[in-house]
Amino acid sequence: MPELPEVETVRRGLAEHIVGKKFKKIDVLHPRATSPKSIAALTSLTGARVKAVARRGKFLWFELDRPEVLVGHLGMSGQFVIQPKNAIDERHLRVRFTLGRHELRFIDQRTFGWLGVCEAKDGIPNWVEHIAADPFDPNFDLAKTISRFQSKRTEIKRALLDQGVMSGVGNIYADEALWRSKMHPETRTEKLATKRVAELITNATEVMSEALAVGGTSFDELYINVNGESGYFERSLAVYGQEGEGCPRCGRQIRRITFANRSSHFCPKCQPTPRSNGNR
DNA sequence: ACTAGCACCTGATCGC
DNA sequence: TGCGATCAGGTGCTAG
């Protein structure tokens with residue numbers, strides 16, 4: 001579910017509500033909720049105080065008043081919500097952090113999300129090291145990112161979703177960025193001019209910041225912020241989930257194709273099929 | 001060293 | 001009403 005704008009919305013809510021708070025009690029209610037197994041590592045954070053909440057791409061972490069960090073990923077359906085202590089348990093409640101009068105709850109229907117404890121080096125958790133900077137990161141290196149795209153031997157949509165090339169983009173914003181760039185999702189990366197890659201990165205960054213400005217994209221109750229509120233970018237989507245609808249630019253019917261085990265939505269007129277798809 | 005494919009889950013929806 | 005197939009915002013392992 002959540003891509004960079006949604007995760008950043010959650011991060012801001014967490015920063016607002018729990019920085020300075022202490023984990024008075026931690027209850028793990030589902031074994032898959034905690035990453036590399038250990039429930040013990042998570043519960044060992046009892047008594048820790050939250051100093052900051054950070055993010056790279058779709059990974060979140062809590063900086064604490066101790067050397068370890070609490071790392072989290074929302075997967076497809078993870079949520080962090082702040083609830084009064086006496087609120088009834090949600091159906092998919094996985095971890096409860098008691099803060100005082102309130103609780104921080106980690107809820108996750110599909111259990112692809114996880115929380116875990118690890119060490120950090122230079123402010124980056126070990127488990128996040130393999131993730132490239134996202135375009136909102138002050139350390140984002142545009143030239144290096146472009147050459148990582150160009151050194152791939154695959155379709156551009158796969159490269160956009162590769163969090164080791166550039167992080168933050170998921171299936172929604174990949175399709176939206178490709179539409180804005182008038183680029184077919186199956187365009188081969190090795191054929192792309194530097195200028196085209198730069199345009200694509202700019203468009204991905206712009207569509208994500210527009211989404212962030214309205215709290216992200218919510219199709220249903222699976223994505224909400226820490227206060228349980230939805231985002232409003234769904235109404236601004238040009239192609240994602242718009243199969244059969246008219247392209248906002250030319251009116252042609254939006255198509256959906258499946259590859260890499262997921263759907264890609266595009267306008268067949270604005271984003272024509274690349275003339276040669278490699279050598280077949 | 002790479003890339004593509006699939007596994008990991010729960011739940012909603014659609015066609016028969 | 002029921003049942004199987006398909007789909008859903010992501011990541012990581014592993015077989016080539």
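What you see is a predicted model; the values in this text were computed from it and never measured. Computation of the quantities below employed the complete heavy-atom set of this structure, encompassing side-chain atoms and omitting hydrogens, waters and symmetry-equivalent molecules. Below, chains carry the letters A, B, ... as their sequence lines are ordered, and counting in each starts from 1.
For Arg256(A) and dC7(C), the shortest distance from a side-chain N or O to OP1 or OP2 is below 4.0 Å. Regarding contacts with the backbone of dT11(C), a side-chain N or O of His73(A) is found under 4.0 angstrom from either OP1 or OP2. Look at Ser77(A) and you won't find any side-chain N or O under 4.0 angstrom from OP1 or OP2 of dT10(B). Remark: Gln109(A) is not in phosphate contact with dC9(B), judged by side-chain N or O atoms under 4.0 Å from OP1 or OP2. The phosphate of dG11(B) (OP1 or OP2) has a side-chain N or O of Arg91(A) nearer than 4.0 angstrom.
A donor atom on one side chain and an acceptor atom on the other are not found under 3.5 Å apart for Thr217(A) and Tyr240(A). For the residue pair Gln79(A)/Gln109(A), the side-chain donor-acceptor check at 3.5 Å is not satisfied. Defined by atom type and a distance below 3.5 Å, a donor-acceptor pair is missing between the side-chain atoms of Asn225(A) and Thr9(A).
Salt-bridge check for Glu176(A) with Arg180(A): failed, with every basic side-chain N at 4.0 Å or more from each acidic carboxylate O. No salt bridge links Lys157(A) with Glu155(A); every basic N to acidic carboxylate O contact stays at or beyond 4.0 Å. Under 4.0 Å is where a charged nitrogen must lie from a carboxylate oxygen, and between Arg148(A) and Asp162(A) no such pair does. Under the 4.0 Å criterion applied to side-chain N and carboxylate O atoms, Lys58(A) and Asp134(A) are not assigned as salt-bridge partners.
Clustering of Ile, Leu, Val, Met, Phe, Trp and Tyr side chains at separations under 4.5 Å places Val239(A) together with Trp179(A), Ile254(A). In the hydrophobic clustering, Leu161(A) connects to no other residue, as no ILVMFWY side-chain heavy atoms lie under 4.5 Å from its own.
The ring pair (Phe, Tyr, Trp, His ring centres under 6.0 Å) pairs that include a residue from residues 72-93 of chain A are Phe59(A)-His73(A), Phe62(A)-Phe80(A), Phe80(A)-Phe106(A), where partners are two or more places apart or lie in different chains.
Spacing between atom CZ of Arg188(A) and atom C1' of dC2(B) amounts to 12 Å, rounded to whole angstrom units. Straight-line distance from the CD atom of Gln79(A) to the P atom of dT10(B): 16 Å, rounded to whole Å. Met76(A) has its CE atom 15 Å from the P atom of dG11(B), to the nearest Å. Rounded to whole Å, the distance from CD on Glu155(A) to C1' on dA4(B) is 9 Å. If you measure from atom CZ of Phe233(A) to atom P of dG9(C), you get 16 Å, rounded to the nearest angstrom. In this entry the distance linking NZ of Lys152(A) with C1' of dT3(B) reads 8 Å, nearest Å. One can place NE2 of His92(A) at 14 Å from C1' of dA8(C), the figure rounded to the nearest angstrom. Summarising the geometry, the separation between CG on Leu74(A) and C1' on dA8(C) is reported as 16 Å, rounded to the nearest angstrom.
Note on Asp220(A): a base of the nucleic acid sits closer than 4.0 angstrom, heavy atoms only. Ser263(A) comes within contact range of the sugar-phosphate backbone alone, with a heavy-atom separation under 4.0 Å but no base atom that close. Using a 4.0 Å heavy-atom distance criterion, Arg262(A) is classed as a base contact. Note on Asn171(A): only backbone sugar-phosphate atoms sit closer than 4.0 angstrom, heavy atoms only; bases stay farther off. Tyr240(A) comes within 4.0 angstrom of the backbone, heavy atoms only, and of no base.
Under 3.5 Å, the side chain of Arg158(A) and the base of dA4(B) form no donor-acceptor pair of N or O atoms.
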Strictly under 3.5 Å: I want the nitrogen or oxygen pairs between protein and nucleotides 12-16 of chain C, one per line.
{"residue": "dG12(C)", "atom": "OP1", "partner": "His130(A)", "partner atom": "NE2", "Å": "3.4"}
{"residue": "dG12(C)", "atom": "OP2", "partner": "His130(A)", "partner atom": "NE2", "Å": "3.2"}

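Straight-line distance between the P atoms of dT13(B) and dG9(C): roughly 16 Å, to the nearest whole Å. Taking the P atom of each, dG11(B) and dG12(C) are spaced 24 Å apart, rounded to whole Å. One C1' atom belongs to dA12(B), the other to dT11(C), and the distance between them is 23 Å to the nearest Å.
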Show me the side-chain donor-acceptor pairs of residues 18-27 of chain A shorter than 3.5 Å, one per line, residues at least two apart or across chains.
{"residue": "Lys21(A)", "atom": "NZ", "partner": "His17(A)", "partner atom": "O", "Å": "3.2"}
{"residue": "Lys25(A)", "atom": "NZ", "partner": "Asp27(A)", "partner atom": "OD1", "Å": "3.1"}
{"residue": "Lys25(A)", "atom": "NZ", "partner": "Asp27(A)", "partner atom": "OD2", "Å": "3.3"}

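Ranked by how close their nearest DNA chain B nucleotide is to the 5' end, Arg94(A) and Ala260(A) are led by Ala260(A).
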### Summary
Applying the Watson-Crick and G-U criteria (both distances under 3.5 angstrom) with [ ] for crossing and | for other-strand pairs, one obtains for DNA chain C .|||||||.|||||||
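Here the side chain of Asn261(A) is nearest to one of dG10(C), dT3(B), dG5(B), namely dG5(B).
Put simply, Phe112(A) rests on the base of dC8(B): the two rings are less than 5.5 Å apart at their centres and nearly parallel, under 30°.
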